[in-house]
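First listed ligand is number 1; within each ligand, the first listed atom is number 1. Note that this is a predicted model, so its numbers are computed, not measured.
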Amino acid sequence: MLRSGSLHFKRFTFTFLVASRRNYSSMIRLAEKSKTQSFTKAFPPDERVPEPSIAWDETKWDLTHKPRQLKSGAFSWVLPEKRDQYKLLTVSRPALNDLGLPDSEEHDNEFFRIVSGQAYNDNPTAQEREYPTPYSQCYAGWQFGSFAGQLGDGRVVNLFEIDNHDNTSKYEIQLKGSGKTPFSRFADGKAVVRSSVREYVISESLHALGIPTTRALAIVTLPHTWAQRYAAENCAITTRFAPSWIRIGTFDLYRWRGDRKGMRTLSDFVISDVFGGKEAVLNNFNNQEPEFAKIVKEEWDEEKFGEFSIYDLMYLEIVVRNAKTVSQWQAYGFLNGVLNTDNTSVLGLSIDFGPFAIMDKFDPDFTSNSEDHTLRYSHRNTPGAVFWSLTRLGEDMAELIGAGPTILSDPHFTEEGIKKEWENQIVTRATAVIELAAILFEHIVTKEYGQLLMKRLGLSSYEEADEQLLLDPLRDMLQKTKLDYNNFFVQLQEAYLKEIDNEGIRSLAESITKSNEDNIVEELEKWLQIYVERLNKHGYEDVDLERRNISSKVNPLFLPRNWIFDEVIQKLADDPSDNRYLKKLEKMAFNPFDPLRWGHDLKDTEAKWLSTSDQVSMLQCSCSS
Ligand SMILES: Nc1ncnc2c1ncn2[C@@H]1O[C@H](COP(=O)(O)OP(=O)(O)OP(=O)(O)O)[C@@H](O)[C@H]1O
């Protein structure tokens, strides 16, 4: 009975696999899902490189890979550079799923040709090419507080847009590490395997935590392509996707160029194409929580400045989205490490994963970037750094948010520019919008970060008083005890607190800290007393069950730390054909709440990765990628 049953099962599996493979190649072709490129339709290209109607001659071909300043245009047509060899290293299953592509281990040739860039790196005309011509976006940016001039996709080409699994939204697919572009400046257009693996895993990991982020679909390694970083390192191409790759740096470009019409086109595009239209922006504004509306009412002088224009609302939406994302970063101890304006998304996505880290232990002064000597991007300074960038955006858009509905509708404003007598009014109004944004930003970050921390503690309600009474002491205790930041929440979640007395609290503190030092145990003991009191006030019927119900949804059992990345990257360097450790990391990082999906392999490694070790914690990274 058992034998025939399992045979039957095998046969069933076999037919299923055949069917899904057939589906894959005949029905769902990556490039065929969509062939649009909204960005290239809305903006002009670099005039020196027209899209090839005849195959590009040498000079044009050369220009696509030659670093230079664009005189005009928002992007340049670029084809990936040809490499000697390509090897598919890994594909993200959740990403395949979200893109509506089959979850198949066997990726057909077309998929591979696209994610490696090979489908593009010959030189046919646009008409001959099966897929749209790739392009690289131009942007500018403020880096470490100084304006850096023109930046842009220096090692990225954008391919096309693809609908998500249920056709409700779209994603722009791009390749990172695909070679030089006009925006490569002094660099080589390459990305090394090390940084590609880090970016691939962390983007999918943040997504699994529910944090807005750009995504990663696949990594293709380039066995014969090397780049000089600390030493010669092997290179890779990562396929990434996001609803939009527009950054604050994109706005910085138009301000730098003094191109007011370009600034308006870009803002209109963000409203219509990225945010789904004026009505959606207005609805998002009106549907914020009541306290948000109250602040707006109190802080915005409608009599003086008039109603909000669509550009005010768009700016505020960018501010709100970024505030929400930052709150989540703070609650999980994620640090981006280089929060420049070119790394701040208009959608509030976590973007550009260079020297990032998940903070192992709570330390407000921790910066994950070893080159960040002034702690500009430390944990404590992260919200401020993001708002600093949002202020630059406000300045970029100063004419638009300063004008207000009346001046905006004046044809003189659109055609000729600002009349002398409008100047003061525009500056004052723009300043008022940015000041309002600052208040809203602070409100959202404080509240959402606080709420999420409370949930991590198993408490569904958050009151302002909790900051002083519970959360400040929590941060203080975590800093003094140097407990593992994430694991602390998990341990607390699993603790038995029903009817706990002082003795119980003491032994819980001992077991969590695993410390012989009295003062460490006492620090936690003191905080646990406060916590238990707060739980009592909340009045749970079954404190452990109800607490767990709340916290288990927000407390990941695993987060990828820098030392784990180092280990996986070393394994790949030792044997590039062995991706078992990477796959193990994917299973854990992509399913952080569900250990049943971590697989049966490498159990010792799994246990090690869940543990904490002082020797390897709080590792920093450099920008070299
Ligand atoms: N190896 C490289 N070759 C060419 N350009 C590069 C290289 N490394 C960085 N750049 C460019 O330098 C600027 C800042 O780099 P940064 O590391 O912030 O971006 P990135 O990681 O390349 O791209 P993204 O922000 O899209 O993830 C960008 O314009 C980027 O394209």
Side-chain angles (χ1 to χ4, degrees), residues 39 64-70 74-76 78 80-81 83 134-144 146-159 172-203 206 213-216 219 222 225-230 232-242 244-250 252-253 256 336-347 349-356 368-372 376-377 385 389 621-625:
F39 193 86
T64 73
H65 297 140
K66 194 169 171 188
R68 62 210 153 78
Q69 296 282 328
L70 252 60
F75 67 92
S76 184
V78 174
E81 284 187 73
R83 306 296 185 201
Y135 67 96
S136 300
Q137 283 186 22
C138 185
Y139 51 81
W142 293 80
Q143 300 185 314
F144 288 89
S146 307
F147 188 66
Q150 177 186 289
L151 301 169
D153 290 329
R155 47 180 168 169
V156 161
V157 291
N158 297 273
L159 304 183
E172 235 180 320
I173 309 253
Q174 57 173 225
L175 306 181
K176 179 166 175 177
S178 54
K180 280 196 191 171
T181 80
F183 316 110
S184 302
R185 295 184 296 164
F186 314 106
D188 54 14
K190 296 172 182 171
V192 296
V193 173
R194 169 176 51 84
S195 63
S196 306
V197 165
R198 284 171 54 84
E199 166 149 10
Y200 168 84
V201 173
I202 198 66
S203 20
L206 292 182
T213 177
T214 62
R215 304 282 306 277
I219 301 180
L222 307 168
T225 308
W226 299 83
Q228 188 61 35
R229 299 293 184 257
Y230 308 106
E233 288 188 61
N234 204 206
C235 294
I237 294 174
T238 307
T239 306
R240 318 190 290 183
F241 60 103
S244 168
W245 290 92
I246 292 178
R247 310 140 190 257
I248 293 184
T250 322
D252 294 337
L253 175 74
W256 182 52
N336 170 294
V338 212
L339 284 169
N340 298 324
T341 58
D342 57 307
N343 293 345
T344 312
S345 143
V346 293
L347 277 167
L349 304 173
S350 316
I351 184 174
D352 194 342
F353 302 100
F356 68 84
S368 55
N369 183 343
S370 60
E371 289 156 33
D372 178 18
R376 188 182 172 91
Y377 302 128
S389 296
C621 262
S622 82
C623 293
S624 162
S625 61

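Judged by distance alone, the side chain of T341 and the main-chain N or O of S389 form no donor-acceptor pair under 3.5 Å. For the pair S196 (side chain) and I237 (backbone), a donor-acceptor distance under 3.5 Å is absent. In this structure, the side chain of E81 engages the main chain of K180 through a donor-acceptor pair within 3.5 Å.
Atoms of ligand 1 lying under 4.0 Å from at least one heavy atom of Y139, given by number and element, are 28 (C), 29 (O). Within ligand 1, counting atoms from 1 as listed, the ones closer than 4.0 Å to a heavy atom of S184 are 4 (C), 5 (N). Below 4.0 Å from some heavy atom of N343 lie the following atoms of ligand 1, by number and element: 18 (O), 25 (O). Each of the following atoms of ligand 1 lies closer than 4.0 Å to a heavy atom of R247: 24 (P), 25 (O), 26 (O). Ligand 1 places these atoms under 4.0 Å from at least one heavy atom of D342: 14 (C), 18 (O).
Rounding to the nearest 0.5 Å gives a distance of 11.5 Å between CG of L159 and CZ of R240. Interatomic distance, R68 CZ to S76 OG, rounded to the nearest 0.5 Å: 5.0 Å. The CZ atom of R155 sits 11.5 Å away from atom CD of Q174, with the distance rounded to the nearest 0.5 Å. With values rounded to the nearest 0.5 angstrom, R194 atom CZ is found 7.5 Å from C621 atom SG. Here E172 contributes atom CD and S244 contributes atom OG; the two are 6.0 Å apart, rounded to the nearest 0.5 Å. Distance check: L253 CG to D342 CG gives 12.0 Å after rounding to the nearest 0.5 Å.
Using a 4.0 Å threshold on non-hydrogen atoms, atom 26 (O) of ligand 1 counts as touching the protein.
By the 30° and 60° cut-offs, the orientation of the rings of Y135 relative to F39 is parallel.
Applying the side chain to side chain contact (heavy atoms under 4.5 Å, CB included) test between K176 and each of V157, D352, D153, T239 identifies D352 as the sole match.
In this structure, the protein non-hydrogen atom closest to atom 16 (P) of ligand 1 is D352 OD2, 3.1 Å. Closest protein heavy atom to atom 11 (C) of ligand 1: R185 NH2, 4.1 Å. The protein heavy atom nearest to atom 4 (C) of ligand 1 is G154 O, 3.0 Å. The closest protein non-hydrogen atom to atom 3 (N) of ligand 1 is G189 N, 2.7 Å. With respect to atom 1 (N) of ligand 1, the closest heavy atom belonging to the protein is D188 OD1, 2.9 Å.
Across the listed options Q174, R155, K190, Q143, R155 owns the non-hydrogen atom lying nearest to atom 7 (C) of ligand 1. Proximity annotation for atom 30 (C) of ligand 1: of A140, A187, G337, G152, G152 comes nearest, heavy atoms only.
Geometrically, ligand 1 and D153 share no nitrogen or oxygen pair separated by less than 3.5 Å. The shortest N or O to N or O distance between K176 and ligand 1 is under 3.5 Å. In terms of N/O distances under 3.5 Å, ligand 1 is not approached by E199. Distances between N or O atoms of L151 and those of ligand 1 include no value under 3.5 Å.
Under the 4.0 angstrom criterion for non-hydrogen atoms, R229 is in contact with ligand 1. A heavy-atom separation below 4.0 Å is not found between F353 and ligand 1. Residue contacts with ligand 1 do not include G354, since none of its heavy atoms lies under 4.0 Å from the ligand. Using a 4.0 Å heavy-atom cutoff, K180 is absent from the residues neighbouring ligand 1. Heavy-atom distances between V338 and ligand 1 stay at or above 4.0 Å for every pair.
By the criterion of a heavy-atom distance under 4.0 Å, the side chain of R240, and not its backbone, is placed next to ligand 1. At a heavy-atom distance under 4.0 Å, no atom of W245 approaches ligand 1.
For the pair R198 and F353, the NZ or CZ position fails the cation-pi test of under 6.0 Å to the six-membered ring centre and within 45 degrees of the ring normal.
The nearest pair of heavy atoms linking T344 to L339 is OG1-O, 4.4 Å.
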Quick one: do R83 and K190 satisfy side-chain contact (heavy atoms from CB on, under 4.5 Å)? Show the steps, please.
CA-CA 11 Å; R83 306 296 185 201; K190 296 172 182 171; 3.8 Å; yes

